[in-house]
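Contents: one structure, followed by commentary.
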Amino acid sequence: MNTYSRKLDIKHGRVEMVHGGGGRTAAQLIDEIFLRAFRNESLHALEDAASLGHHQGQLVVATDSHVVSPLFFPGGDIGSLALHGTVNDVAMAGARPLAITAGFILEEGLPLIDLQRIAASMAEAAREAGVPVVAGDTKVVEKGKGDGCFINTTGIGIVRPGVSISARNAKPGDTIIVSGGIGEHGVAIMSLRENLRFDTKIYSDTAPQHDLVAAMLDAVPRIHAMRDPTRGGLGSVLNEIARQSKVGMLIREQDIPIKHAVRAACELLGLDPLYVACEGRLVTFCAPEDAPALLAAMQAHPQGRNAAIIGEVRDDDECFVEMHTAFGGNRIVDWLTGEQLPRIC
């Protein structure tokens with residue numbers, strides 16, 4: 001039962017410093033926005049720590065912070081992005097996500113209706129993914145010392161028996177597979193920032209990938225490595241895994257799935273799509289004999305229908321990532337220098 005004398009004016013109200021003060025007004029914000037959105041037994045207990053019951057298996061934990069600008073973009077918003085990003089980080093270890101926590105850092109003056117929209121979107125993403133938000137925290141900073149809303153999330157999951165996925169496990173001869181078109185999230189954000197219009201609207205690819213990963217592991221339990229190409233895009237992820245596994249890679253430009261609108265936007269903005277962020281894609285490495293079964297399992301899933309083999313791992317002490325270009329030559333896909341797209345996730 002609501003014990004407050006009046007409800008929040010969500011339509012016209014704004015976040016105030018008192019909403020982060022830990023008193024009655026802060027409790028009201030939690031009740032009327034967060035508890036109403038994230039309905040589950042663990043969260044409604046309002047304990048400082050959530051109990052997740054007893055689980056057997058190897059536990060993994062991932063944490064992430066989300067500072068995307070703008071807060072709302074084609075295909076998603078900071079709320080769904082925060083949920084998907086952490087679920088995916090857990091899934092990249094081959095784990096089944098159990099639950100996540102969410103910490104909201106709000107700027108004084110944020111419209112309450114925007115906060116309600118963010119919380120509702122995150123809650124809907126959690127329900128669709130089947131991964132509850134079981135604990136949280138809210139802080140408020142003075143106007144001008146934030147940017148509307150930042151969200152920190154932590155996810156916990158369990159790795160199924162027999163699975164050993166690591167960025168250190170890519171081996172010479174491995175096949176490299178990407179789950180779908182790259183660069184869509186980053187281009188969706190930049191198109192909004194630059195007020196660009198295209199014949200085909202570009203939407204963020206933000207989506208949870210743990211069901212896709214489960215289908216992949218059902219088909220090929222021996223997957224060697226897996227990573228989602230968020231900040232820094234596909235090019236950065238390939239360099240990370242090459243360095244950690246102490247191998248080289250050769251990818252083929254013509255085999256990398258990129259939507260025409262994404263490629264056109266990158267040309268207009270002077271961006272290399274290899275370094276543009278994704279939020280609903282993964283790149284995976286497996287033994288060549290397992291590649292046909294893994295690719296088929298990915299393409300049979302809605303999140304992997306456009307999956308493609310893009311290259312192979314090579315023996316290379318220098319850990320170079322090379323790309324065979326559409327013009328017939330080879331070029332080095334080096335580490336990203338600086339930050340191509342700030343505040344992208």
Side-chain angles (χ1 to χ4, degrees), residues 58-64 85 88-95 157 159-180 182-183 209-210 212-217 219-253 255-257 272-279 281-295 297-298 304 307-325 330-337:
Q58 179 185 348
L59 285 174
V60 297
V61 61
T63 189
D64 203 355
N88 292 343
D89 284 346
V90 170
M92 292 307 103
V159 180
R160 67 169 70 183
V163 170
S164 179
I165 295 174
S166 170
R168 299 186 300 273
N169 287 350
K171 298 174 174 57
D174 275 1
T175 299
I176 307 170
I177 306 176
V178 68
S179 66
I182 65 169
Q209 299 181 85
H210 58 301
L212 170 61
V213 171
M216 292 165 61
L217 289 172
V220 178
R222 301 174 300 277
I223 291 173
H224 293 163
M226 190 155 46
R227 189 69 63 82
D228 54 337
T230 54
R231 284 179 302 174
L234 178 65
S236 295
V237 161
L238 294 179
N239 274 282
E240 290 171 4
I241 294 176
R243 183 184 66 173
Q244 291 179 257
S245 292
K246 297 180 174 54
V247 295
M249 298 179 192
L250 177 65
I251 59 175
R252 294 175 293 274
E253 184 177 22
D255 293 335
I256 300 172
D272 186 336
L274 287 178
Y275 300 102
V276 178
C278 309
E279 288 292 344
R281 301 287 183 256
L282 62 83
V283 58
T284 187
F285 298 73
C286 70
E289 61 269 22
D290 290 332
L294 184 57
L295 181 64
M298 295 172 73
I309 294 173
I310 64 168
E312 296 82 32
V313 177
R314 305 193 299 181
D315 190 3
D316 181 1
D317 291 338
E318 300 296 331
C319 303
F320 286 144
V321 177
E322 292 185 69
M323 182 170 72
H324 187 70
T325 70
N330 282 12
R331 76 171 177 92
I332 297 293
V333 178
D334 206 349
W335 288 91
L336 180 64
T337 302

Run the side-chain contact (heavy atoms from CB on, under 4.5 Å) test on R252 and E312 for me, step by step, so that the C-alpha distance in whole Å, both residues' side-chain angles and the decisive distance to 0.1 Å come before the verdict. CA-CA 9 Å; R252 294 175 293 274; E312 296 82 32; 3.0 Å; yes
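- A donor-acceptor pair is defined here as one N or O able to donate and one able to accept, closer than 3.5 Å; no such pair exists between the side chain of T284 and the backbone of I177.
- To the nearest 0.5 Å, atom CG of residue L234 and atom CZ of residue R281 are 12.0 Å apart.
- Taking NZ of K246 as the start and CG of D317 as the end, the distance is 10.5 Å to the nearest 0.5 Å.
- Among residue pairs with one or both ends in residues 166-179, none qualify as salt bridge (Lys or Arg N to Asp or Glu O under 4.0 Å); sequence neighbours excluded.
- Note that CE of M323 is 5.0 Å distant from CG of L274, once rounded to the nearest 0.5 Å.
- Within a 6.0 Å radius of CZ in R243, no more than 12 heavy atoms belonging to other residues, nucleotides or ligands are found.
- You'll find the side chain of I182 stays beyond 4.5 Å of the side chain of P229, heavy atoms only.
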So D255 and I309, side-chain contact (heavy atoms from CB on, under 4.5 Å) or not? Walk me through it. CA-CA 7 Å; D255 293 335; I309 294 173; over 6 Å; no
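- The shortest distance between side-chain heavy atoms of L238 and V333 does not fall below 4.5 Å.
- Between M216 and L294 there is a side-chain heavy-atom pair separated by less than 4.5 Å.
- Among residues two or more places apart in sequence or in another chain, the side-chain hydrogen bond (donor to acceptor under 3.5 Å, both in side chains) test is passed with N330 by H324.
- Among all heavy-atom pairs drawn from V213 and A91, the shortest one is CG1-O, 3.6 Å.
- Listed here is the closest heavy atom pair of P288 and P292: O-CD, 3.6 Å.
- Using a 4.5 Å heavy-atom threshold, the side chains of T175 and L295 count as separate.
- Across every non-hydrogen atom of G157 and A95, the tightest pair is C-CB, 4.1 Å.
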Decide yes or no on side-chain contact (heavy atoms from CB on, under 4.5 Å) for I165 and L217, but give the supporting numbers first. CA-CA 10 Å; I165 295 174; L217 289 172; 4.0 Å; yes
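- Between N169 and S245, the shortest heavy-atom contact is N-OG, 3.4 Å.
- No donor-acceptor distance shorter than 3.5 angstrom exists from the side chain of D228 to the backbone of C278, with no hydrogens or angles considered.
- Contact detail for A293 and V220: the closest heavy-atom pair is CB-CG2, 4.2 Å.
- Atom CD in Q244 sits 5.5 Å away from atom CZ in R227 (nearest 0.5 Å).
- A distance of 9.0 Å separates CE of M249 from CD1 of I310, quoted to the nearest 0.5 Å.
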Quick one: do W335 and V321 satisfy side-chain contact (heavy atoms from CB on, under 4.5 Å)? Show the steps, please. CA-CA 9 Å; W335 288 91; V321 177; over 6 Å; no
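- Shortest non-hydrogen contact noted between Y275 and S236 is CD2-OG, 4.0 Å.
- Contact annotation: the side chain of L282 approaches that of M92 to within less than 4.5 Å [non-hydrogen atoms, C-beta and beyond].
- The structure places CD1 of I241 at 9.0 Å from OG of S166, a figure rounded to the nearest 0.5 Å.
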